[in-house]
Amino acid sequence: MNHLMPHPAEIIEKRQENENTYTFRLRFCEEEVQRHYRFLPGQFNMLYAFGVGEVPITLVSDPMDTEFLDHTIRIVGNVTQALARLHVGDKLGLRGPFGSAWPLDKAQGHDVLVLTGGLGCAPSMGAIRYIMRHRSSYGKLAILHGVKAPSDLIYQKKFLEWGKIPNTEVFLSADQADRTWKHKVGLVTHLLDQVNFDAGRVLVMMCGPEIMMRFAVKECLVKGIQADAIYLALERNMKCALGFCGHCQLGPQFICKDGPVLCYDKIKNIFDIKEV
Ligand SMILES: Cc1cc2nc3c(=O)[nH]c(=O)nc-3n(C[C@H](O)[C@H](O)[C@H](O)COP(=O)(O)OP(=O)(O)OC[C@H]3O[C@@H](n4cnc5c(N)ncnc54)[C@H](O)[C@@H]3O)c2cc1C
Ligand code: FES
């Protein structure tokens with residue numbers, strides 16, 4: 001696959017997750033490209049709304065099943081609005097996969113704590129699906145996910161299913177709840193107090209708004225988790241996705257190439273500075 005050139009892909013399914021979020025199930029139009037396409041959990045594709053522009057979107061599907069490629073997209077601006085206007089059978093451009101993956105090899109034999117906020121749950125989906133497929137290779141899995149309001153919650157069915165799997169715990173929270181909300185109320189960082197884990201044995205995968213991740217990292221460190229056991233998925237404005245244009249630069253790193261998944265230990269000096 002030529003990583004500079006978008007390949008046409010067809011929308012096989014379009015599912016509305018909430019008011020402004022859709023999951024698109026895609027398949028390359030060229031059989032050869034589809035057959036050879038592989039990705040790792042945490043990697044992203046550039047999706048191109050023809051004539052409008054390209055946006056980086058993480059794959060949420062099971063990396064072991066590449067028949068279809070699922071992407072969950074929140075509608076925020078020009079390109080995502082153009083994508084939202086597409087229907088089943090329409091085509092868009094797709095190039096990828098790009099970037100680093102969650103450290104699933106390093107996590108083997110460890111407990112895993114997945115901590116996400118808002119749409120940050122999407123980039124963690126591939127990792128959770130992978131762990132579920134190789135459940136006996138990992139210790140305890142705790143999934144902590146927070147939303148601002150109950151209506152923001154997506155993948156609810158999946159979270160509830162995962163919560164029933166042995167050695168797996170799921171905790172959901174909403175900053176502000178209503179009567180329909182059956183889970184915790186408060187910030188996602190408070191959920192850390194609900195989980196029992198051995199700080200020396202756990203590996204953390206985190207994704208969400210940066211302000212949330214800054215607080216969550218601090219809490220993890222206070223609980224004794226080492227900086228090199230904390231991994232974050234970061235977002236920056238992107239154009240080339242190949243380390244050429246510099247749009248996604250964060251200090252010495254290019255988020256498209258060195259990230260989006262980065263070890264906190266490697267970026268702590270710069271990540272702790274707001275607005276960088
Ligand atoms: C590696 C990576 C993976 C990503 N994965 C996903 C994913 O799986 N699903 C997904 O929906 N998005 C994801 N994003 C974010 C997505 O790429 C942006 O939302 C998108 O580029 C916005 O493009 P746009 O043209 O629609 O909006 P723009 O016109 O670029 O922006 C419109 C407005 O929305 C604001 N905005 C831009 N991005 C965001 C954002 N992320 N959240 C809130 N406001 C924003 C801008 O500041 C601006 O005010 C990812 C980003 C990166 C870097
Ligand atoms: S998007 Fe061009 S260098 Fe990262």
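Note that ligands are numbered from 1 as they come in the structure, with each ligand's atoms numbered from 1 the same way.
Lys223 and Asp193 are joined by a salt bridge, as a carboxylate oxygen and a charged side-chain nitrogen come within less than 4.0 angstrom of each other.
For Gln194, the CD atom counts as densely surrounded, since its 6.0 Å shell holds more than 12 non-hydrogen atoms of other residues, nucleotides or ligands.
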Would you sort out whether Ile131 and Leu104 count as a side chain to side chain contact (heavy atoms under 4.5 Å, CB included), showing the intermediate values? CA-CA 8 Å; Ile131 293 172; Leu104 287 157; 3.7 Å; yes

Run the salt bridge (charged side-chain N to carboxylate O under 4.0 Å, His left out) test on Lys148 and Asp175 for me, step by step, so that the C-alpha distance in whole Å, both residues' side-chain angles and the decisive distance to 0.1 Å come before the verdict. CA-CA 5 Å; Lys148 278 195 187 136; Asp175 297 356; over 6 Å; no

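The contact shell of ligand 1, taken as protein residues with any non-hydrogen atom closer than 4.0 angstrom, comprises Phe44, Val55, Pro56, Ile57, Thr58, Thr72, Ile73, Arg74, Val76, Gly77, Asn78, Val79, Thr80, Leu119, Glu235, Arg236, Met238, Pro260.
Side-chain atoms of Arg38 do not come within 3.5 Å of backbone N or O of Pro63 as any donor-acceptor pair.
Ring planes of His145 and Phe159: parallel class, angle under 30° (limits at 30 and 60°).
Under the ring pair (Phe, Tyr, Trp, His ring centres under 6.0 Å) criterion, His110 pairs with no residue, sequence neighbours left out.
Each protein N, O or S atom less than 2.8 Å from atom 2 (Fe) of ligand 2 was counted, giving 2.
Cation-pi contact between Lys218 and Phe215: present, with separation from the ring centre below 6.0 Å and deviation from the ring axis of at most 45°.
Evaluation of the salt bridge (Lys or Arg N to Asp or Glu O under 4.0 Å) test over residues 179-191, restricted to residues two or more places apart or in two chains, returns none.
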